[in-house]
Structure formats: structure tokens, C-alpha cells
Amino acid sequence: MAILKVARMGHPVLRRVADAVGPDEIGSDAIQRLIDDMIDTCREYDGAGLAAPQVHVSKRVVLLEISGNPRYPDAPDFPLTVVINPEVEPLDTTRQMVWEGCLSVPGLRGLVPRSSQVRLHGFDRVGQPLEVTTGGFPAAVVQHECDHLDGRLYVDRMESMESLSFLEEFDRHSRANADSPVNED
Ligand code: NI
């Protein structure tokens, strides 16, 4: 188990479309170690989720975990969920506006439009099919992490740069209600 270095915006690995993990590859030492190290890394840096390209591995692996997270103090808990070859299915056309941050874009927050309900499909770390339905903030995290696998960062999804804020200013001026997504249209 190890804490890995996190790629920051500007590193080409964050802009690549990540490769699918083959069915025979899921049980390999390399993938299992990657997952363990991603869990350690996400917890160390208080991420709500992490995608493999963020630790310089261009593979379709993501994880989510929200539990008493100081970076997102009011976010609802979401159990540790590792998903291989994930696909996101939006379940409604309602959008929510969510304040997002990213370990690869340190020190910033911005408002991002996201589907408010999604179904996440994929495989768990032992290769069993997995399906999770979620809404609100965890749904935004699902979309954010899966975007990383297609070389997309949350700043690409922002409709306006006006909300982009340094974390310190966000805490002073916009933190109130920030972890309760604002539903739009
Ligand atoms: Ni991110």
C-alpha cells in the first residue's frame, strides 16, 4: 500500500482517454495494487473520489468514498465503492449545480452543472457486475470521476468561469450551503 503522486492539470495523462481493463486483468497484482494505492491516496488527500489517470495510470478505474470529509464537510456519506470500466447513465434531465474541487486542480472550487440522478454500471474489484443508483452530491462525484477517464476535468464542464474560486475565498464567501447541490431547471 502506498500513497501515490497525484497528476495536476497540465499533465497529459489527465487528457487521455483511459484504456478499459480486460476481464482477465482485473484480478492481476498490478490492478489490485493500483486499487489499494488509490484508496490510500484518496484518503490521504481527503478526496471524495479518485480516478486512475490522476495517479498517472491510464486505466478505467475509479473509486468513490465520502465519510466525514473535511474538504466536503456537509456532503452525505457514501461507502467506499471501486468501479472498473464504469459507465454513467443519467436517470433524469434535471440538472443540479454543484461546487466541485479536484485533487488534480488543487486549491480551487467551481460550480458545475451535473445530472441530479445517475445509475453507475461497471465491475467491482473482483470482477462482479456492479450497479449503483445515486443522486445529489454523490451523483456529481460519479460524473466527475468518470469524466477523468475520458480526459475531462470539471473546469471543462463549467458554464461560466465566474464562480471559479480559490478555496480560501470559497470558504469565506460561498461555503454556506455549498455541499447541498442547488437544483436547476
Ligand atoms: Ni477530479
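Every number for a ligand or one of its atoms is a count from 1 in the order of the listing. Only a predicted model underlies this, so the values are computations on that prediction, with no experimental measurement involved.
Between L14 and Q54, some side-chain heavy-atom pair lies under the 4.5 Å cut-off. Using a 4.5 Å cut-off on side-chain heavy atoms (C-beta onward), E145 and V61 make no contact. Considering only heavy atoms from C-beta on, V118 stays 4.5 Å or farther from L91 through its side chain.
Listed by chain and number, the residues in a side chain to side chain contact (heavy atoms under 4.5 Å, CB included) with E44 are I3 (sequence neighbours excluded).
Taking the charged nitrogens against the carboxylate oxygens, R157 and E100 have no contact shorter than 4.0 Å, which rules out a salt bridge.
Atom CD of residue E169 and atom CZ of residue R175 lie 13.0 Å apart, to the nearest 0.5 angstrom.
For the Ni ion (ligand 1), the nearby protein N/O/S atoms, meaning those under 2.8 Å, are C102 SG, H144 NE2, H148 NE2.
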